[in-house]
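Values in this document were obtained by computation on a predicted structure and should not be read as measured data. The sequence lines fix the lettering, A, B, ..., with proteins before strands; numbering per chain opens at 1. The analysis underlying the following values was restricted to heavy atoms, covering all of them including side chains, and did not include hydrogens, waters or symmetry mates.
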2 protein chains.
Amino acid sequence: MRTESRKEEIINAAAILFKEKGYSAVTMRDLARAMGIKAASLYNHIQSKQEILSTIIIDLAEEFTSGMNQIANSDQNTIDKLEKIIGLHIDVTLRNADGLASLNNDWMHLEEKNLLYFEKMRRDYEENFRQIVINGVHANEIKPYNIEIIVFSTLSTLRTLYLWYPNQNNIDANILKKDMMSVLLKGVC
Amino acid sequence: MRTESRKEEIINAAAILFKEKGYSAVTMRDLARAMGIKAASLYNHIQSKQEILSTIIIDLAEEFTSGMNQIANSDQNTIDKLEKIIGLHIDVTLRNADGLASLNNDWMHLEEKNLLYFEKMRRDYEENFRQIVINGVHANEIKPYNIEIIVFSTLSTLRTLYLWYPNQNNIDANILKKDMMSVLLKGVC
DNA sequence: TTACAAAACTAACAATTGTTAGTTTTAAAT
DNA sequence: ATTTAAAACTAACAATTGTTAGTTTTGTAA
């Protein structure tokens, strides 16, 4: 197993702290304390607090972008695509739940350039999702409810997984995927 | 129409700023600038930055608590109760979407006493919700999926309404309630 | 043992933070 | 016109912020 570099250790520790209190409330001295070193020592490994944030968020956003593009460009039916999207969110959540907190709550603290890049990726992701739902309605695979409400309610659940899943002990990822499909698509009553 | 006091104006302005950047990233000078006065002048109306945050969050949490208690103690069937809960979230979101951002993202910055009070209200709210779902399953009104997944996916959507609803121009509240019921309960395919 | 790079340290900085004290302005009631 | 309370102001504070400069320690390869 690949041992993580000191820089990666710092970024992971930062993600945990950012999850607990948000980017702005975490000081470099907090982060240093969590690493067992002094704040100035962090700068042997990272360039700035901002670099930590953008690494966490942009890496995750690119992961979602890449995953979504593959799914959207595939020739599966709507239900299969939605299943793949749910799987994507569950996989990313399992691998990096802490980072997802920053992506969801601290993206607005990215500096200009990365902020624009992030916002474009998020817009594109949502647009891909919306098109899949629209196609599903046209193909009679999805009920003709208000598109925006379907997109919003589904995405809001998937985006919030990071808050919930780490607290559920031993729900197997595959069982979760199956149940999440049922609840999100087939309804509960 | 009741004119709002200067203190209420400050709290409303603060809620908007907290929504945009989070509690920790908003300075008293930011807030003063938004009000068109100097930072020190704010203290003629409020006691502290912390008081602003706790007013925003605790008022909203008590509103949810009171609404949920009425619903949980009523003798309606499960579906009607869920409909009332959805209505509660939509009503609160319509009235104070900005404040809900703080409730969702900045509750951890409450000081000890209010933090414990808030966490208890949130626990009780969730437990009430869970019991309603459990009773619904027993009464065969709700499909016997994993309870935690039903509770999580529904609540995550309702909690995130504040991000989405203000951006939808003129979706009537009653239509939204009806569609949200359909999507959350009857499924989309 | 020496050499060297990685990674820690101490000390300090300029800027920003929430907040206080004391004073002046504004506007309505007498 | 005078009084009074509300609401603004200026000036300053002590603490905390992200970050830099320069130095010392640590561990590994030659």
Side-chain angles (χ1 to χ4, degrees), chain A residues 2-58 101-102 105-115, chain B residues 2-58 101-102 105-115:
Chain A
R2 173 169 172 348
T3 55
E4 59 183 1
S5 74
R6 202 76 175 122
K7 180 169 183 173
E8 286 168 330
E9 286 182 54
I10 290 172
I11 289 172
N12 288 336
I16 293 174
L17 295 180
F18 292 169
K19 177 180 184 176
E20 289 168 359
K21 313 201 300 172
Y23 174 73
S24 302
V26 174
T27 71
M28 296 304 277
R29 286 166 180 83
D30 289 338
L31 178 53
R33 195 176 320 118
M35 293 291 299
I37 61 178
K38 298 288 175 180
S41 305
L42 293 169
Y43 289 84
N44 284 317
H45 307 282
I46 52 112
Q47 295 196 18
S48 64
K49 190 186 179 189
Q50 174 66 212
E51 186 204 12
I52 298 175
L53 183 71
S54 56
T55 301
I56 293 173
I57 295 181
I58 300 295
S102 299
N105 300 317
D106 284 321
W107 56 267
M108 73 286 282
H109 299 118
L110 291 171
E111 33 132 57
E112 177 87 346
K113 203 181 129 198
N114 277 323
L115 179 59
Chain B
R2 170 166 172 354
T3 56
E4 59 182 1
S5 73
R6 202 76 175 120
K7 180 168 182 172
E8 286 168 330
E9 286 183 53
I10 290 172
I11 289 171
N12 288 337
I16 293 174
L17 296 180
F18 292 169
K19 177 180 184 174
E20 288 168 358
K21 313 201 301 173
Y23 174 74
S24 302
V26 175
T27 72
M28 295 304 278
R29 286 166 181 82
D30 290 337
L31 178 54
R33 196 177 318 117
M35 293 290 299
I37 60 177
K38 298 289 175 179
S41 306
L42 293 169
Y43 289 85
N44 286 318
H45 307 282
I46 52 113
Q47 295 197 17
S48 64
K49 190 185 178 190
Q50 174 66 213
E51 186 205 13
I52 298 175
L53 182 71
S54 57
T55 301
I56 293 172
I57 294 180
I58 299 295
S102 299
N105 300 318
D106 283 323
W107 56 268
M108 73 286 282
H109 298 117
L110 291 171
E111 30 132 58
E112 176 86 348
K113 202 181 131 198
N114 277 323
L115 178 59

Which whole-number value in Å describes the distance from [X] [atom1] to [N] [atom2]?
| X | N | atom1 | atom2 | result |
| --- | --- | --- | --- | --- |
| A:His109 | D:dT17 | NE2 | P | 15 Å |
| B:Asp30 | C:dT16 | CG | C1' | 11 Å |
| B:Lys49 | D:dT16 | NZ | P | 15 Å |
| B:Arg6 | D:dA5 | CZ | C1' | 16 Å |
| B:Lys7 | D:dA6 | NZ | P | 14 Å |
| B:Glu111 | C:dG18 | CD | P | 16 Å |
| B:Glu51 | C:dG18 | CD | P | 15 Å |
| A:Met28 | D:dT20 | CE | P | 10 Å |

From CA spacing to verdict: side-chain contact (heavy atoms from CB on, under 4.5 Å), A:His109, B:Lys21: CA-CA 8 Å; A:His109 299 118; B:Lys21 313 201 301 173; 4.2 Å; yes

Contacts satisfying salt bridge (Lys or Arg N to Asp or Glu O under 4.0 Å) that involve residues 35-49 of chain A (not counting sequence neighbours) are none

With the side chain defined as heavy atoms from C-beta on, A:Arg29 is closest, among D:dA7, C:dA8, D:dG18, to D:dG18

Please say which of B:Ile46, B:Asn44, B:Ile52 ends up in a side chain to side chain contact (heavy atoms under 4.5 Å, CB included) with B:Lys7. B:Ile46

Residues pairing under ring pair (Phe, Tyr, Trp, His ring centres under 6.0 Å) where one sits in residues 29-54 of chain B, two or more places apart or in two chains, turn out to be none

Can you name the closest pair of heavy atoms from B:Ile11 and B:Ile56 and give their distance? CG2-CG1, 3.6 Å

Is any side-chain heavy atom of B:Tyr23 closer than 4.5 Å to one of B:Met108? no

Using a heavy-atom distance cut-off of less than 4.0 Å, which residues of residues 34-48 of chain A contact DNA chain C? A:Ile37, A:Lys38, A:Ala40, A:Ser41, A:Asn44, A:His45

